[in-house]
Amino acid sequence: MMFKAKIIEDISLYQKLRKQIFWALIPLGVLSFFTNVAQMPLILFIFSCVILVVALIAVRKKRYIFENLTLDKTIEADISNLTIKEKGDEIVSFSISELDKITIKSVVDIGEGATDLINIAKGNIPTSFMEIEKKGHKERFEFIIESHYMMVQINKLIEQWKANQLQVDKVI
């Protein structure tokens, strides 16, 4: 069993995510405006279409920026090892049995529902992280859980680590 996730390297990702959500809301506003298309003058309809296209292009560009901030490094964990990789090449590896403590906070995909989108727009962005402690030295890795499957995998891994007498704290 293995858990893999993209590491967030740039903390400014959260601010960029807020901007992306703002740009994503513009097309929704324009689309809701289209509900009265029959009563809309032609020039206003054309103007709305142009705004929609521009907003969709902006969302696509922001998504590209978002992906570039997270694609370089990944965290991979299994029952015996924790590995950090960059573009597929191993940077550092930790043996799980040598770690004193692991602290994990895992949050399912950012922005899963309307309430989540409102919280993100307000700046309350959920984060997932794994903090490892070895001989008094702590390292923290923030990452993105992109699917329910990934959430299930990390929870199974936590249970296996606990069964092997490893000190694992799960933060809610």
Side-chain angles (χ1 to χ4, degrees), residues 1-25 28 59-172:
M1 175 178 318
M2 179 172 278
F3 168 75
K4 296 180 182 180
K6 298 173 188 172
I7 292 180
I8 299 171
E9 297 181 74
D10 188 354
I11 301 302
S12 70
L13 169 86
Y14 299 120
Q15 292 301 321
K16 292 175 182 175
L17 181 61
R18 285 180 69 189
K19 290 177 185 174
Q20 180 182 4
I21 290 187
F22 170 76
W23 281 103
L25 292 177
L28 290 175
V59 167
R60 188 169 183 85
K61 182 180 176 187
K62 296 289 181 188
R63 179 70 183 169
Y64 177 75
I65 291 169
F66 178 76
E67 288 175 353
N68 282 342
L69 290 172
T70 60
L71 288 180
D72 287 344
K73 289 186 181 178
T74 58
I75 184 168
E76 297 182 6
D78 61 25
I79 193 146
S80 58
N81 291 310
L82 175 69
T83 307
I84 308 300
K85 292 184 175 183
E86 184 168 8
K87 296 182 181 177
D89 298 327
E90 185 176 309
I91 297 174
V92 66
S93 184
F94 302 95
S95 174
I96 297 296
S97 60
E98 295 175 1
L99 298 177
D100 299 327
K101 181 180 176 182
I102 299 176
T103 305
I104 297 175
K105 179 179 179 188
S106 52
V107 178
V108 179
D109 190 29
I110 294 175
E112 199 169 89
T115 308
D116 293 332
L117 291 176
I118 292 168
N119 285 334
I120 291 169
K122 289 180 180 177
N124 303 327
I125 299 173
T127 59
S128 299
F129 67 84
M130 184 179 296
E131 187 175 87
I132 60 172
E133 186 175 338
K134 182 178 178 181
K135 297 178 183 172
H137 177 71
K138 290 183 180 182
E139 283 197 58
R140 179 178 168 133
F141 305 101
E142 291 195 19
F143 55 89
I144 298 172
I145 294 183
E146 297 176 322
S147 68
H148 181 71
Y149 174 77
M150 290 173 70
M151 179 63 96
V152 170
Q153 289 297 101
I154 197 167
N155 286 332
K156 286 181 181 178
L157 199 54
I158 289 169
E159 293 305 315
Q160 286 185 347
W161 286 340
K162 285 181 177 179
N164 289 342
Q165 307 302 318
L166 185 66
Q167 184 180 352
V168 181
D169 295 335
K170 191 169 180 183
V171 179
I172 297 175

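Index from 1, following the sequence.
When side chains are defined from C-beta on, Leu82 counts as touching Met130, because their heavy atoms get closer than 4.5 Å. Side-chain atoms of Ile102 and Ile96, non-hydrogen and from C-beta on, do get closer than 4.5 Å to each other. Considering only heavy atoms from C-beta on, Glu86 comes within 4.5 Å of Ile91 through its side chain. Side-chain contact between Glu139 and Phe94 is present, with heavy atoms from C-beta onward closer than 4.5 Å.
Within the structure, salt bridge (Lys or Arg N to Asp or Glu O under 4.0 Å) contacts touching residues 153-167 (residues at least two apart or in different chains) do not occur.
Put simply, the side chain of Asp78 never gets that close to the backbone of Met2: no donor and acceptor are under 3.5 Å apart.
Between Phe3 and Phe143, the angle of the ring planes goes over 60°, which puts this pair in the perpendicular group of the 30/60° scheme.
Rounding to the nearest 0.5 Å gives a distance of 11.5 Å between CZ of Phe129 and CD1 of Ile75. Taking OG of Ser93 as the reference point, atom CD of Glu76 lies at 10.0 Å (rounded to 0.5 Å). If you take CG on Leu99 and CD on Gln167, they are separated by 11.0 Å, rounding to the nearest 0.5 Å. The line from CD1 of Ile7 to OG of Ser128 is 12.5 Å long, rounded to the nearest 0.5 Å. The distance from the NZ atom of Lys101 to the CG atom of Asp169 is 4.5 Å, given to the nearest 0.5 Å. With rounding to the nearest 0.5 Å, the separation of NZ in Lys170 from OG1 in Thr103 is 13.0 Å.
The minimum heavy-atom distance between Ile79 and Trp161, with the atom names listed, is O-NE1, 3.4 Å.
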